[in-house]
Amino acid sequence: MTNHPLTDGMNPQQTQAITAGDGPVLVLAGPGSGKTSVLTRRIAYLISENRVPAHRMMAVTFTNKAAGEMRERVERLLDDKLRGLQIGTFHATCARFLRMEAESLDYKQDYIIYDSDDQQNLIKAVMNRLHIDSKKFNPRAVLGSISKVKNEIILPHEYPAMDYFSEIVKRVYEQYQVALRNANAMDFDDLLLNMVLLLRENEVVRQKYQQRFHYVLVDEFQDTNKVQYELVKYFAAPQNNVFVVGDEDQAIYAFRGADYRNVLRFRDSYPDPTVILLEQNYRSTQTILDVARAVIDLNGNRTPKELHTDKGKGELIQLYEAYDERYEAEYVLEQIHQMRMDYGYDYRDFAVMYRTNAQSRAMEQAFINGSVPYTLVGGVGFYKRREVKDMLAYLRIVQNPDDNVSLERIINVPKRAIGKKSVQSFQDWVRAEKITNTEAFNRLLNGDPAGLSNAVRKKFTDFAEQLYVWQDIAATGNLLNLFDNITASLGYYLYLEDIAKTPEEAIDRADNIRELRGLLMYATEYNQPLHEFLAEQSLVADVDSLKDDNDAVTLLTLHAAKGLEYPVVFITGVETGILPHFRSFEEVEGIDEERRLFYVGVTRAKERLYLTYAFRRALYNGGGNKTEASEFLSTIPVHLLDGSPTTLANVRSSQHYADQFRWDSAPIKRPESRLSRDLREKKVTRSEGDSKLKGKIVPFPGANQREKPASKFSFGQRVYHPKFGEGKVMGVMHDMVDVMFDGQKLPKKILADTDGFELLD
């Protein structure tokens, strides 16, 4: 029925999905292929054309927002309010049903749902009752392990204790479930687990829901885990009118327990399903889609898709290598300014994506310095993150012990048994003596008995001793050593593991600390004193005036980008160890997951895509070591790129290792090319050689050879400026030159064509 109003404007594959007959239907929807329209029109079609009562259908998605939007769209299509249509998340749907079936589970109908804080408190109480040391066994790690096995439908008595930690988890899991039941409570995982167990073990309840729901529809099927997959099968049986929409290539939530292989299992559970591929893309240009395909085609366990579009070939993908993350951020900023002038884009048309939250720091700083409004999606601004504020507070205390705000923040972080009463006693003594904190610490170190209890005096004396060790290091000017000593003395990285709710969160927080360490590394390189560094960070951290603008650049991680789209996308940090992330090297199918993540980022772009990486980056090790371009870039056909990922790789392979840390235009001895050899041996003429040579030229990543000639300045050159005097070139970006002038502590940016700015012989 291709003439049905609900299929107007739909392509043949979309129409096939909307009007599919009964039985299992698997819709593999490529990015930007209109899957939401297909799913909502399918529901409307079943109601209007097949006369399926709304209350006989169940539609499941992953967020309450998506569920609400789905209902609104179906009601608009039918021009009617739907009564009885079950649309919701897995958790909301199960919570509703479990209240109606509470007696069958030996729960009261008014059971409560424990949030994450409630779960943490209960886990700690159970561990305390079992005399399990929470310092040796992180309660969050124990709870994470319990959550994982619940999603695998593994009950306490089935839990396999393979080592000492898992034996602890097994003991806690058993008592945790008892405590939940005694409190008439369920956690979020119980909502799904208990529903599966009820459907599995209670035939009456199972038949009740299977007779009620004749059609089950699931969005984002690749993001389901085992317990969710089992729920779909139970609710859909025995009719098996199950309609699922997903894409293995966009499965990026394995860390949350999602298993993209459920798409493959669907074919096993339903041996003869109708499989429909949505391959026409309505978002991106063909060049962007070709790049995406080149990357994702290397993954296994997937259905190949011939992504195509009517939007035309579009612009080549811009590939750029920056010197470090600061130059990378400045390049992004420069391109945004240029495209706004040349093409009339608004700030809201741009998105900057990255693999980890810590990478936002350099971008935030560049945008603030450039007075460009931005919005940070799915995260907290770098300088507002707990661990960053902690470490900056420590540095402020080293610089100024009289900073009471910073002192109160860190005096018991990590815990050193200095509670609020101890702090109050210290502050009361300081006020009574009319002295500063600095004077108070000096008195304690000189043995002044002070008006404090022995315990409080001992705690603050110990802190004062540590503080003055740090001040001695700060006096040397090596801020990097200072930072390392602070984190080591505090055991701060271990502390981050203790406060994190998940292992992923602990790693993310540690990444932020290493990013901050990178800033200290740069400050040390430029001999920047601590007070200047702190003043600079305070200015950058004041970002409120630039946020929440209706017209703002979007900064977000690749994980947060799914479901979004922008005319122009920058994916930064496309380097080995970042994308793919170093953790993926040791995980089964870890690289495939990272490749899917990159694929999702690429396919967010509608018109233009920029891929950037840095020669040197402070992230992770905080040491500013050289990086390597991501292996993902080498899979992209060169003809799709303005710039080649192999350009610098080929140069580096011919250099001695020690030379790789140069960023200049010094002559490099390269292997003789085939063309040069043919010319030398007179196998071709010069004119023939020129023609062949022109056909092989690949522009340097990100450079526009036609518009901007090569700069006459390069790293290491001595220069003269009429105002600032002599100095050394530290870096060059198009028409801007970074110069460290003699006697200065920080480099200055100078326009290359400034009058009187010249090279020295």
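Excluded from the calculations below are hydrogen atoms, water molecules and symmetry mates; all remaining heavy atoms, backbone and side chain alike, are included.
Of the possible polar contacts, one joining the Tyr354 side chain to the Leu556 backbone as a donor-acceptor pair under 3.5 Å is found. Looking at Ser147, its side chain never comes within 3.5 Å of a backbone N or O of Leu143 through a donor-acceptor pair. Under the 3.5 Å distance criterion, the side-chain polar atoms of Tyr343 are left unmatched by any main-chain donor or acceptor of Gln338. At distances below 3.5 Å, not a single donor-acceptor pair connects side-chain atoms of Asp508 with backbone N or O atoms of Asp511. A donor-acceptor pair under 3.5 Å links the side-chain atoms of Gln286 to the main chain of Thr309, judged by distance alone. A donor-acceptor pair is defined here as one N or O able to donate and one able to accept, closer than 3.5 Å; no such pair exists between the side chain of Glu593 and the backbone of Gly590.
Under the ring pair (Phe, Tyr, Trp, His ring centres under 6.0 Å) criterion, Tyr260 pairs with no residue at all, not counting sequence neighbours. For the side-chain hydrogen bond (donor to acceptor under 3.5 Å, both in side chains) test, residues two or more places apart in sequence or in another chain that qualify with Tyr345 are Glu607, Arg608. In terms of the ring pair (Phe, Tyr, Trp, His ring centres under 6.0 Å) criterion, residue partners of Phe570 (sequence neighbours excluded) are, by chain and number, Tyr610. By the salt bridge (charged side-chain N to carboxylate O under 4.0 Å, His left out) test, Glu505 pairs with Arg509, sequence neighbours left out. Take Arg348 and apply the salt bridge (charged side-chain N to carboxylate O under 4.0 Å, His left out) test, not counting sequence neighbours, and it matches Asp346. Taking Asn138 as the reference, Arg140, Ala141, Asp498 meet the side-chain contact (heavy atoms from CB on, under 4.5 Å) condition, with sequence neighbours excluded. With sequence neighbours excluded, the residues forming a ring pair (Phe, Tyr, Trp, His ring centres under 6.0 Å) with Phe62 are Phe90, listed by chain and number. Among residues two or more places apart in sequence or in another chain, the side-chain hydrogen bond (donor to acceptor under 3.5 Å, both in side chains) test is passed with Arg265 by Asp259, Asn262. Residues satisfying the side-chain hydrogen bond (donor to acceptor under 3.5 Å, both in side chains) test with Glu152, not counting sequence neighbours, are none. Contacts of Glu279 classified as side-chain hydrogen bond (donor to acceptor under 3.5 Å, both in side chains), with partners at least two apart in sequence or in another chain: none.
Pairs engaging residues 368-377 under the salt bridge (Lys or Arg N to Asp or Glu O under 4.0 Å) rule: none recorded [sequence neighbours left out]. Residue pairs meeting the side chain to side chain donor-acceptor pair (under 3.5 Å) criterion with at least one partner in residues 569-580, sequence neighbours excluded, are Glu575-Arg617.
Using the six-membered ring where Trp is involved, Tyr270 and Phe266 have ring planes that are tilted, between 30° and 60° apart.
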field: Verdict with supporting geometry, Ser360 and Arg385, side chain to side chain donor-acceptor pair (under 3.5 Å)
entry: CA-CA 12 Å; Ser360 76; Arg385 293 167 192 166; 3.1 Å; yes

(message) What verdict does the salt bridge (Lys or Arg N to Asp or Glu O under 4.0 Å) test give for Arg604 and Glu565, after you've listed the backbone C-alpha separation in whole Å, the side-chain angles of each residue and the deciding distance to 0.1 Å?
(response) CA-CA 5 Å; Arg604 300 310 94 193; Glu565 60 182 41; over 6 Å; no

Could you walk me through whether Asp310 and Gln280 pass the side chain to side chain donor-acceptor pair (under 3.5 Å) test, one step at a time? CA-CA 8 Å; Asp310 292 334; Gln280 182 168 352; 3.1 Å; yes

Between Arg596 and Glu248, is the salt bridge (Lys or Arg N to Asp or Glu O under 4.0 Å) condition met? List the steps.
CA-CA 8 Å; Arg596 290 192 291 269; Glu248 321 101 302; over 6 Å; no

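Atom NE2 of His581 sits about 12.5 Å away from atom OG of Ser630, to the nearest 0.5 Å. Once rounded to the nearest 0.5 Å, the distance linking CG of Leu217 with CZ of Arg42 reads 7.0 Å. Note: Leu39 CG to Arg73 CZ = 9.5 Å, rounded to the nearest 0.5 Å. Here OG1 of Thr285 is found 12.0 Å from CZ of Arg283. Values are rounded to the nearest 0.5 Å. In this structure, CG in Leu597 is found 4.5 Å from CG in Leu558, a value given to the nearest 0.5 Å. Interatomic distance, CG of Leu264 versus CG of Asn301, reported as 5.5 Å (0.5 Å rounding).
Of the candidates Leu26, Val245, Val25, Val38, Val25 is the only one forming a side-chain contact (heavy atoms from CB on, under 4.5 Å) with Ile276. Under the side-chain contact (heavy atoms from CB on, under 4.5 Å) rule, Leu611 has a single partner from Phe598, Phe632, Tyr320, which is Phe598.
When side chains are defined from C-beta on, Asp219 does not count as touching Val60, because their heavy atoms never get closer than 4.5 Å. Put simply, the side chain of His639 does not reach to within 4.5 Å of the side chain of Leu316, judged on heavy atoms. Taking 4.5 Å as the limit, every side-chain heavy atom of Asp324 sits out of range of all side-chain heavy atoms of Glu328. Side-chain contact between Val553 and Thr375 is absent, with no heavy-atom pair separated by less than 4.5 Å. A 4.5 Å side-chain heavy-atom check between Val574 and Thr612 finds every atom pair outside the cut-off. Side-chain atoms of Val295 and Ile636, non-hydrogen and from C-beta on, do get closer than 4.5 Å to each other. The shortest distance between side-chain heavy atoms of Lys606 and Lys311 does not fall below 4.5 Å. Residues Phe243 and Val218 are not in side-chain contact: their nearest non-hydrogen atoms beyond the backbone lie 4.5 Å or more apart.
Taking a cutoff of 4.0 Å between a charged side-chain nitrogen and a carboxylate oxygen, Arg293 and Asp290 do not qualify as a salt bridge. Ion pair Asp297/Arg302 flagged as a salt bridge, since at least one NZ, NE, NH1 or NH2 atom sits closer than 4.0 Å to an Asp/Glu carboxylate oxygen. Using a cut-off of 4.0 Å between Lys/Arg side-chain N and Asp/Glu carboxylate O, Lys305 and Asp247 are scored as salt-bridged.
Across all their heavy atoms, Ser584 and Ile591 have their closest contact at OG-CD1, 3.4 Å. Scanning all heavy atoms of the two residues, the minimum distance from Leu307 to Gly30 falls at CD2-CA, 4.2 Å. In plain terms, the two heavy atoms of Thr603 and Ser284 that are nearest each other are O-OG, 3.9 Å.
When only modelled atom types and interatomic distance are considered, Asp223 and Gln228 share no side-chain donor-acceptor pair under 3.5 Å. Between Ser33 and Asn281, the side chains place no donor N or O within less than 3.5 Å of an acceptor N or O (distance only, hydrogens not considered). Side chains of Glu364 and Tyr374: a donor-acceptor N/O pair is present below 3.5 angstrom, by distance only. Thr356 and Gln359 share a side-chain donor-acceptor pair at under 3.5 Å. With no hydrogens or angles considered, no side-chain donor-acceptor pair links Thr554 and Tyr347 at under 3.5 Å.
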